[in-house]
Amino acid sequence: MIPKKSTRIRKEEIVQASLQVIGERGANAMTTAAIAEAAGMSESNIYRHFGGKLEINLALTDFIGAALAGRAATIAAGSQRPVEKLHQIFTGHLALIAENPGIPRFIFSEEVHLGDRRLAEKMAIWIGSYLETLAGVVAAGIAEGEFRQGIAPRETAMTFLGMISFTAIRWSMSGFAFDIRDESARLWDNFAELLR
C-alpha cells in the first residue's frame, strides 16, 4: 500500500502544479481542473486542501515570496562581501524564474493586479520585505567602501528588481525564446560596474 502524503506535501504539489499551468498556459488557464490534471490528482483532492482559487493564489504568493525574500534574507545575513551577496541573490532569483516560468506570468497577471485585493496586498508585503533586504545589503556595501558613495540604497534595490522584472517579462513575452541565465550574466556584469 502506498503511504498517504501529508497535507503539507499535497499543498506543495498543488502550488507547483499551479505554477506549471500558469507557465504553460497563463494565469487565466489556472482552473482547479487544470491544476488537478497537472498534479495528477482529482479535482476534489484540490478542494480538500484549498477552499478555492483565491486560496491557491495566496499560497502561490507565499511560495514566491518565501523563495525570493526568504532566500535573500538568509544570504544577506551571511558573511560574504556585499557584492557577493547581491550577486547570489540576483542569480538565485533568475534561476528560480528559469525553473518556474509561471512566476513572472503570475506576478504580472490581472489576477494579482485586479483580482482580490488581499492577493495584491500580500504580494506587496513580500516585495517590500525583499526591497528592505536588498537596500540593507547595498547600504552595507557603501559603508564598507565596496560600493561608491552617493548611490541611494533603496533606489539601487529598486533598480536591481527592475532589471530582473523587465528581463522576466521580455523572456515570457518571447515564449522563453532566449536563455534568461545568459542574459542575466551580462546584466549583472553591467550592474556591478555601476555600483563601483
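Values below: every heavy atom of this structure, side chains too, minus hydrogens, waters and symmetry copies.
Note that the CD1 atom of I89 and the CG atom of L134 stand 5.5 Å from one another [nearest 0.5 Å]. With rounding to the nearest 0.5 Å, the separation of CG in L60 from CE in M123 is 8.0 Å. Atom OG of S165 sits about 7.0 Å away from atom CD1 of I97, to the nearest 0.5 Å. The distance from atom CZ of R81 to atom CZ of F147, rounded to the nearest 0.5 Å, is 8.5 Å. We find the CG-CD distance between L19 and E24 to be 11.0 Å, quoted to the nearest 0.5 Å.
Between N190 and L187 the shortest side-chain heavy-atom distance does not fall below 4.5 Å. The closest side-chain heavy-atom distance from F191 to T156 is below 4.5 Å. Using a 4.5 Å heavy-atom cutoff, the side chains of L94 and W188 are not in contact.
By the neighbour-count criterion of 12 heavy atoms within 6.0 Å, atom CE of M163 is densely surrounded, having more than that number from other residues, nucleotides or ligands.
Between F160 and H93, the ring centre distance reaches or exceeds 6.0 Å.
Panel note: side chain S172, backbone I169; no donor-acceptor pair is recorded below 3.5 Å. Put simply, the side chain of D179 gets close to the backbone of R181: a donor and an acceptor are under 3.5 Å apart. Of the possible donor and acceptor atoms, one in the side chain of S18 sits under 3.5 Å from a partner among the backbone N and O of I14. At least one donor-acceptor pair closer than 3.5 Å links the side chain of Q149 to the backbone N or O of I142. Side chain of R148 to main chain of L194: a donor-acceptor pair is present (N/O by atom type, distance under 3.5 Å, no hydrogens or angles). The backbone N or O of E155 lies less than 3.5 Å from a partner atom in the side chain of T159, making a donor-acceptor pair.
Partners of D116 according to the salt bridge (Lys or Arg N to Asp or Glu O under 4.0 Å) rule, which considers only residues two or more places apart in sequence or in another chain, are R118.
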Atom pairs and distances, donor-acceptor, side-chain atoms in residues 25-36, under 3.5 Å, two or more places apart:
| unit_1 | atom_1 | unit_2 | atom_2 | d |
| --- | --- | --- | --- | --- |
| T31 | OG1 | A34 | N | 3.0 |
| T32 | OG1 | E43 | OE2 | 2.5 |
| T32 | OG1 | Y47 | OH | 3.4 |

